[in-house]
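Each residue takes its place number in the sequence, starting with 1. For ligands, and for the atoms within them, numbers begin at 1 and follow the listed sequence. Please read these numbers as outputs of a predicted model, since none were measured by experiment.
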Amino acid sequence: MTNPAEPQVAHWHGFTQMADHDSLVIKDGEGCWLTTTDGQKLFDGVSSLWCNVHGHRHAKLDSAIQAQLQRVAHVTTLGMSCQTTDDLAKRLTELTPGDLGHVFFSSDGSSAVEAALKMSFQYWQQREDPRPQKTRFLALGSAYHGDTTGAVSLGGIKYFHQLFAPILFSPVRGPIPCSYRVPSDISVTPLEYYTNEIKMLLEKHHEELAAVVMEPLVQGAAGMITHPTGLLQNVRELCDHYNVLLICDEVATGFGRTGKMFACEHESVTPDILCIGKGLTGGYLPMAATVARPHIFNAFLARASDSRQFFHGHTFGGNPLAAAAAMASLDLLTESSYLDRVAEKGEYLRNRVISDLSGEPHVGDIRGRCMMLGIELVADRATRRPFPSELQLGRSVCRRTVRDGVWIRPLGDVIILMPPLIATEAELDMLAAVVTESIKAETTNLIKQNDSISSDA
Ligand SMILES: *Cc1c(COP(=O)(O)O)cnc(C)c1O
């Protein structure tokens, strides 16, 4: 089983049981489609893990990278720069909300979050009127901010994060602001309830808190947990009131996914620090960034001998090839009506999935925003009771869709649909149809094989 001579065993995959993994080796891609070495065409239903924006082998992105390659492939950002990267930084300050104005580049989303943690900590240590006791972070329940140790410390997904507890710092843990599983005994709206939970934590801990870290609107890896509308704005107000920074992790939600360039725009919020990644280069090359507002940036300005510079920097941060891809991607995203079209398509996909699955007894919830959808399968719709996880229903559903030409990857029993933003209505119809068929077939199979699961919905 573990013969290192086989290239597919030599390559150790992330979040994958290597003793039981379906090997899919891709030969090439075009638009929303990937072709395996066996010649099977697969629709890329999760945008190559949530990052592809304009499809594969887009002519404009390809030629932007080729043009940059004619000049230089890599230049460090420590002590020098590349015009392409400087131009991208400026462009990002124009596109990100409010006065976010200073872009610190790294290579992936986790690193962007690490930089945000260290940046906010160092800010409180050395700003005018320093608050050195502000050393902790508030993170939401079921949070996901990446896989490096600091990001995992923020993480609240039991299955990914708990194992590592002995080597992590402990955040102040907030609620899971889920609109589907709201505690049954509350006498206020979900929005008021979750806001109040966060308020109580800030009231108690604000003096030791450097920042609140959250994914705005939708917690992706948690299973597309969708917050009540208004929560982000309320958290922004609470952070201002309690003098705590707000770090928004838009690694998943950024660059059009939610129908706007950034999810924060839906609630007119400007975080103090914004983390971006995944879609930044159109999903082509590893690049991420931590974007800060002037009050953060200014706290790091001093004479060189004062040792106030940000003590952080990645070898490949700001890579020019990635920057060239990002500029080309942003050119497309900012074309007039591009994002309006994305918003329409997201609406189309949601309506299509809702109408195909309405009345399905084991579809508990269809949620998310725009082109990031989650379909949660449950054993009992009335009580929202999940299926036993060992039955791996989500996995069976996705295995079947792959046989039918659609590659998707579930999060437990939440089926994730996150197609490239360029997907056409016809492609979205096909995606919805294949996924619906698979959900129906696999839940029926599962119920047949396991009499103990009551189909009492
Ligand atoms: C994917 C993701 C990350 C981590 O990004 P990587 O590029 O995989 O390190 C961080 N935050 C959120 C919200 C994500 O979805």
Closer than 4.0 Å to some heavy atom of [X] - which atoms of ligand 1 meet that?
X      : result
Glu215 : 13 (C)
Gly146 : 4 (C), 10 (C)
Asp249 : 10 (C), 11 (N), 12 (C), 13 (C)

Report the relative orientation of the aromatic rings in His314 and His312; use parallel for angles under 30°, tilted for 30 to 60°, perpendicular for over 60°. perpendicular
Part of His145 with heavy atoms under 4.0 Å of ligand 1, whether side chain, backbone, both or neither: backbone
The answer for which part of Val251 has a heavy atom under 4.0 Å from ligand 1 is side chain
If we ignore hydrogens and angles and just use 3.5 Å, is the side chain of Lys118 paired with the main-chain N or O of Phe311 as donor and acceptor? yes
Between Phe43 and Trp33 (judged by ring centroids, cut-off 6.0 Å), do the two rings come close enough to count as a pair? yes
Is the distance from the ring center of Tyr284 to that of His54 below 6.0 Å? no
Minimal heavy-atom distance between Gly146 and Ser110, with the atoms involved, is CA-OG, 3.3 Å
What protein heavy atom is closest to atom 1 (C) of ligand 1, reported as residue, atom name and distance in Å? Lys278 NZ, 1.5 Å
Of all the non-hydrogen atoms in the protein, which one sits nearest to atom 5 (O) of ligand 1, and at what distance? Gly109 CA, 3.2 Å
Could Arg57 and Asp44 be called an ion pair, given the rule that one side-chain N must be under 4.0 Å from one carboxylate O? no
If hydrogens are left out, which of Ala252, Ala143, Ser110 has an atom nearest to atom 8 (O) of ligand 1, that is, the closest non-hydrogen atom? Ser110
